[in-house]
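Right, one structure below, let's go through it.
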Amino acid sequence: MPDTQDPLLKSAALELATRHQVPKTAQTTVDQVQRQTSQCQVQIENTTAALTQIQTDTTSCRQALAKLQEQSASLQGAFDTIDQIERVVQTISTTLAQVAANVDEVDKVVAQSTSQLPSLPIPFLSKRTTDPVQPYFPPPKHVDIPSADALFEE
């Protein structure tokens, strides 16, 4: 019996092999795998290009950020200088206002002292003279005038 099955088995195997050849049967699957592989390869290339662009952009951003930080420090120095100049101007303005107030006060007192007649009537000087009256110069009030070193030491 084994001899009879053997030719039958061989003929069945041969018939199956001719009808269902592996390359023909698997071709659609192989084609689909190749398409998928090709699509994956395109996606990998696109991802690589995107990552390269991101790295380039990141490098550019870091360089721009470094420049901005340098310029920020420079700008902060300029603002510090402006603040110092504003303090100097404010100090000078205050000093000038105090001096101007002193000058105005002295002007008023001098004007009053030259326009007044002697307060004590003296009989032998009953005649009024047109001689100029000695003006009174009051001492000015104290004004703190800072030195240039004190203004710019900050």
Side-chain angles (χ1 to χ4, degrees), residues 13 16-154:
L16 279 175
T18 56
R19 282 191 181 186
H20 299 290
Q21 293 178 358
V22 174
K24 286 181 181 179
T25 307
Q27 189 61 41
T28 57
T29 306
V30 170
D31 290 344
Q32 187 176 5
V33 168
Q34 285 179 341
R35 280 193 304 272
Q36 292 295 327
T37 304
S38 176
Q39 287 176 355
C40 287
Q41 183 64 30
V42 168
Q43 288 178 348
I44 289 171
E45 289 171 359
N46 290 343
T47 303
T48 302
L51 286 175
T52 302
Q53 184 62 39
I54 289 171
Q55 288 174 341
T56 303
D57 291 347
T58 302
T59 302
S60 296
C61 286
R62 286 182 179 157
Q63 290 171 349
L65 183 61
K67 285 181 183 179
L68 285 174
Q69 287 173 340
E70 289 173 13
Q71 291 174 352
S72 173
S74 175
L75 190 60
Q76 185 60 45
F79 285 146
D80 291 345
T81 302
I82 289 170
D83 290 344
Q84 183 181 13
I85 291 171
E86 285 178 346
R87 286 191 297 273
V88 168
V89 167
Q90 183 61 35
T91 302
I92 291 173
S93 174
T94 302
T95 303
L96 183 61
Q98 290 174 349
V99 169
N102 278 348
V103 169
D104 286 345
E105 186 177 324
V106 169
D107 279 347
K108 287 178 187 175
V109 171
V110 168
Q112 284 178 347
S113 71
T114 57
S115 66
Q116 291 178 350
L117 294 175
S119 59
L120 295 173
I122 302 175
F124 61 89
L125 291 178
S126 59
K127 247 167 93 181
R128 297 202 180 197
T129 63
T130 58
D131 294 337
V133 177
Q134 174 67 37
Y136 168 69
F137 291 102
K141 292 181 181 175
H142 177 75
V143 175
D144 288 326
I145 300 177
S147 69
D149 291 340
L151 288 175
F152 294 106
E153 71 184 6
E154 295 176 10

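Note that this is a predicted model, so its numbers are computed, not measured.
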In Å and rounded to the nearest 0.5 Å, what is the [atom1] to [atom2] distance from [X] to [Y]?
X	Y	atom1	atom2	answer
Glu86	Phe79	CD	CZ	10.5 Å
Gln43	Gln41	CD	CD	10.5 Å
Gln32	Gln36	CD	CD	6.0 Å
Leu75	Asp80	CG	CG	10.0 Å
Ile92	Ile145	CD1	CD1	11.0 Å
Gln39	Asn46	CD	CG	11.5 Å

Handout entry: Test item: side-chain donor near acceptor, Gln27 and Asp31, under 3.5 Å
Key = yes
Problem - Check: Gln53/Asp57 side-chain N/O donor and acceptor closer than 3.5 Å - result: yes
Handout entry: Short side-chain to backbone donor-acceptor contact, Ser38 and Gln34, under 3.5 Å
Key = no
Exercise for the section: Kindly say whether Arg87 contributes a backbone atom to a donor-acceptor pair with the side chain of Thr91 at under 3.5 angstrom? Expected result: yes
Practice task
State which residue, out of Asp83, Val88, Ile82, Thr81, fulfils the side-chain contact (heavy atoms from CB on, under 4.5 Å) condition with Ile85.
Solution key: Thr81
Handout entry: Candidates Thr59, Thr58, Leu65 - the one meeting side-chain contact (heavy atoms from CB on, under 4.5 Å) with Arg62
Key = Thr58
Exercise for the section: Kindly indicate whether the side chain of Glu105, heavy atoms from C-beta on, has any atom under 4.5 Å from the side chain of Lys108. Expected result: no
Exercise for the section: Measure the shortest side-chain to side-chain distance between Val143 and Asn102 over non-hydrogen atoms and say whether it is less than 4.5 angstrom. Expected result: yes
